[in-house]
Number of protein chains: 2
Amino acid sequence: MFIAATETDANLYYACRFLVSDPIAYLEFQGKRCLLLSELELGRARLEARVDQVISLLPHENQIRATGKIPNVTDMLEIYFKEKKIKRFVVPGNFPIAHADRLREKGFRVSFREDPFFPERALKTEEEIQKIAASQAAAEEALSLAADHLRRSRISGGILELGGEPLTAERLRRVLNQFFFEKGYQAQNTIIAGGDQACDPHVRGSGPLPAHSPIVIDIFPRSNDTRYWGDITRTFLRGKASPEISKQYRDVQRAQELGLSLLRDGADGMALHQAVADFFKTEGWETGEQNGKMQGFIHSTGHGIGLDIHEYPKIGRTQSTLKSGNAVTIEPGLYYFGRGGIRLEDTVVVTQNGHRNLTRFPKELVI
Amino acid sequence: MFIAATETDANLYYACRFLVSDPIAYLEFQGKRCLLLSELELGRARLEARVDQVISLLPHENQIRATGKIPNVTDMLEIYFKEKKIKRFVVPGNFPIAHADRLREKGFRVSFREDPFFPERALKTEEEIQKIAASQAAAEEALSLAADHLRRSRISGGILELGGEPLTAERLRRVLNQFFFEKGYQAQNTIIAGGDQACDPHVRGSGPLPAHSPIVIDIFPRSNDTRYWGDITRTFLRGKASPEISKQYRDVQRAQELGLSLLRDGADGMALHQAVADFFKTEGWETGEQNGKMQGFIHSTGHGIGLDIHEYPKIGRTQSTLKSGNAVTIEPGLYYFGRGGIRLEDTVVVTQNGHRNLTRFPKELVI
């Protein structure tokens, strides 16, 4: 059972394929899939939702109002559950405590299932893979556009200039946002970060882009139409790359190749991540706190992708078994303040004996 | 205590003013406000979050990993809570059951507080009112643009045409989206609905816009920068308005004036809604099921607005007391299939003895 808005809950959207910004209730029982919702959403739900039954909560609401009470959603649902003799629920981990505690008070048993709530959501159908591939293609087009701007820029006083003006992260992000807007995608949080900014993987980047320093561009658009995400990262350097940076880039690329080579049905996600971390260590790239900041290979190797940008399976320091049909990213990175941050990320589909890469964009540091 | 992502949880964003798409923990105790989060978010949180303390969960994570366990967030928090001798929590109603049940299993007491979690969030500061007013001004600019398109359209075969092409809801929405994009707003779900489409208030509208029939335009943009919403609805008719439609429009306008006139510090929200509903009834506008569809005045009179598009206080069939400083909409409507839907919506601020209207756009049906 769910009570959630599909606009923010990908599990529920996955279950019913009906987009709505207010919470609705969803129920699977006796082999049937039901939506229970307000009269206002009824017509559209009957047209769009991929469920067996769409039920209005209005009669239940009226029944409660007739007693002089102001109903909340659990009161309305209680009537329906009692009619159907439903007494126990399994809900997702993000199910709201208010609903859970109210239902428990009414005598229902409510327990949550650990993520992934729908394990089958991690096994993408060919149709879903096509949708992810389309979002990935849009991300690559945007990346080409960004690379093009870097390539056309001139170096002046340690920063990049284009058309006589500094080429800033904001300016470049605006170009990409316009591209995505026209194409029907959302990509609000594109990362365009050079210098030390690139060393904090959660900084979006701002100000003039530096010359002679790696610039991380991480693009993850979601299609307004299909709601599937794409995800790609490349690192570019305009100007002269030091031998250390060139080696850092090459080793991130080798780490990515290693990660990709370990993908297959049945692969252990945590072991894959460990292999990538070990590779970096062997090559002399230390990870840990330096000068009060975490540096080195400081994040996971990858994550599942689909209706959420980050979904099951995670490829990091938690248990996971990769399966044929998983869509995942492989995105090792190395970050050292004062020197630079480098990350390379592809989105791929796990297959029986390996993977199918949905990403075509070349990997070259100096641009 | 919260465990949530501020990008989707307005209460938590309100509390700490730190925008993040992954869940973070927030705690108020002994008069202090703390954020507990992953190492990755630490630097940015220390710069941006308006809290007393920003704490990394990394040492707690490492402590658990040292025992060979793979930690989840409640395990890490448990260490901190025990250090601080915290045993009981009040959480918001949308707090995830997984965290609540895990904490309860560890012996903590977790209870939820009914909405509104932060009652003071409904009392807008002057700074917040300015932000809502700015979003409302952007909504009005977009509405002018839409009205302009309708005004320039020609009637041909019962539909509107502009530049030799049918003027469709999609085409007009695209114009508004481009405007909002350039201005730094999100307004994905603008309603532009004529004919019977306008009679279902949750239908966004599609296809050619009809002549001689009311067209509901409901625009609610959110500023990317401030994250505050604006909300406005006007209904336009291009062509000839029947006497019935003109009367329906006039009565919606009178109902709105009635609703606005009842606003003041201490006003009863449910009574205000009932007064508007009674007014419609007195004027002969029936509400209820007709031909299997709810028709008449089928929604609430208004809702609070701020960091959420719909927030406390609601002005409808639930208990609420309006207070000076509340930002609310007043938006009565009448919907009859076969005749048309009409809604008028202003966003206003409740004052000691009345209200201050943040909306300036005129109300005229025929355009």
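Hydrogens, waters and symmetry mates are skipped; everything else that's a heavy atom, side chains included, is used. Since this is a predicted model, take the numbers as computed values, not measurements.
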Atom [atom1] of [X] and atom [atom2] of [Y]: how far apart are they, to the nearest 0.5 Å?
| X | Y | atom1 | atom2 | answer |
| --- | --- | --- | --- | --- |
| B:Leu42 | A:Lys293 | CG | NZ | 11.0 Å |
| B:Phe95 | A:Phe95 | CZ | CZ | 15.0 Å |
| A:Asn94 | B:His99 | CG | NE2 | 9.0 Å |
| B:Ile309 | A:Ser21 | CD1 | OG | 9.5 Å |

Please rank [options] by heavy-atom pairs under 4.5 Å with chain A and give me the top one.
| options | value |
| --- | --- |
| B:Asp200, B:Leu40, B:Asp22 | B:Leu40 |
| B:Val20, B:Asp101, B:Val203, B:Thr318 | B:Asp101 |
| B:Gln178, B:His310, B:Met294, B:Glu39 | B:Gln178 |
| B:Arg174, B:Gln319, B:His299 | B:Arg174 |
| B:Glu182, B:Arg104, B:Glu114 | B:Arg104 |

Is a donor on one side and an acceptor on the other found under 3.5 Å between the side chain of A:Arg317 and the backbone of B:Arg65?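 Such a contact is absent between A:Arg317 side chain and B:Arg65 backbone.
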Given heavy-atom pairs under 4.5 angstrom as the criterion, report whether the side chain, backbone, both or neither of [X] touches chain B.
| X | value |
| --- | --- |
| A:Pro71 | neither |
| A:Gln186 | side chain |
| A:Ile3 | neither |
| A:Asn189 | side chain |

With a 4.5 angstrom heavy-atom cut-off, could you sort out which part of B:Asn224 is near chain A: side chain, backbone, both or neither?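 Just the side chain, heavy atoms under 4.5 Å.
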With a 4.5 angstrom heavy-atom cut-off, is it the side chain or the backbone of B:Glu61 that approaches chain A, or both, or neither?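 Looking at B:Glu61, just its side chain touches chain A.
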